[in-house]
Amino acid sequence: MARMPGTVYRPVRNFHPNGVREHRGLVLHVQDGNNSPFGWYNDPASQASSDFWVSKSGVIEQYVNTGVDYAWAQVAGNPYYTSVETEGHPNESLTDAQVEGVAKIYAWGHGEWSWPLIVVDSTTAHGLTYHGIGGAAWGGHTGCPGDLRKPQRGRIIARAGELVSPPAPHRTVSVAHMVTAMKADSAGPQGDVTYKTEALLLESALYAEGLLAKQWVDGSLGTKTREAYAAWQRSKAGGSYSESAADGYPGIQSLSRLGTRHNFLALA
Ligand SMILES: [Zn+2]
């Protein structure tokens with residue numbers, strides 16, 4: 001049962017039991033109306049529902065057993081993404097309270113399923129996406145949530161990052177730093193130890209996963225570390241992410257997954 005704390009839980013009839021296949025992230029929608037859609041979602045004739053709804057004042061309602069059963073919000077995207085409806089119309093921006101509410105949902109999903117703290121315009125990548133990107137396969141709602149709300153996803157993610165139980169600064173690992181360090185290291189004999197604290201977190205996690213021998217946990221991201229990271233990208237625990245090249249260079253999706261298992265926060 002995946003119920004988010006701090007929401008008003010109002011289970012509805014419209015959902016597909018045990019239909020969730022992956023936890024890729026969250027899809028942002030606009031209600032194009034006002035007031036709780038509970039009655040609409042509870043009426044089988046509407047054929048509609050969502051996981052969450054956030055009012056203009058920031059009230060969050062949850063309607064289904066998120067992450068297990070799916071709501072009827074984005075057709076072909078339903079088994080893969082959680083959905084959030086936001087009160088109001090496409091020609092209105094999200095209120096500050098709505099940004100906060102959606103950020104809370106995202107931070108919760110980050111903790112539950114390692115949703116990475118990024119905005120994506122995609123129907124497959126893990127992150128915060130939007131309804132219209134799915135085109136006909138997602139119901140043809142190309143104007144959802146509209147040009148005012150779409151760019152507000154950046155603020156939502158930034159706020160979610162603040163809400164995520166913040167690890168101490170020394171428990172963050174940056175994708176950009178790790179890729180830079182790996183490239184510098186393979187070019188020189190001594191390696192780049194500029195990001196040694198982060199590199200040690202990365203290597204310790206790979207060691208704990210049984211993918212890297214202890215002697216290579218040295219803060220220098222050499223060939224062995226890159227091979228171990230490629231193995232992580234290919235592994236089941238690493239997830240079936242879009243880093244299918246599995247080239248050993250960390251991406252935000254596989255690094256978030258690793259960070260959730262080993263207590264560090266992955267940053268882009
Ligand atoms: Zn929508």
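Quick note: numbers below take in every heavy atom, side chains included, and nothing from hydrogens, waters or symmetry partners. Note that this is a predicted model, so its numbers are computed, not measured. Start at 1 and go down the list; that is how both ligands and their atoms are numbered.
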Can you name the N/O/S atom of His29 that is nearest the Zn ion (ligand 1)?
-> ND1
Under 3.5 Å, is there a donor-acceptor pair linking the side chains of Ser46 and Tyr41?
-> no
With a cutoff of under 4.5 Å between side-chain heavy atoms, which Ile, Leu, Val, Met, Phe, Trp and Tyr residues group with Tyr81?
-> Val27, Tyr80, Tyr130, Ile133, Trp138
Do any of the N, O or S atoms of His141 sit under 2.8 Å from the Zn ion (ligand 1)?
-> no
With respect to the Zn ion (ligand 1), what is the nearest N, O or S atom of His131?
-> ND1
Determine, for Asp121 against Arg153, whether the closest basic-nitrogen to carboxylate-oxygen distance falls under 4.0 angstrom.
-> yes
Between Trp72 and Phe15, does the ring centroid distance fall short of 6.0 Å?
-> no
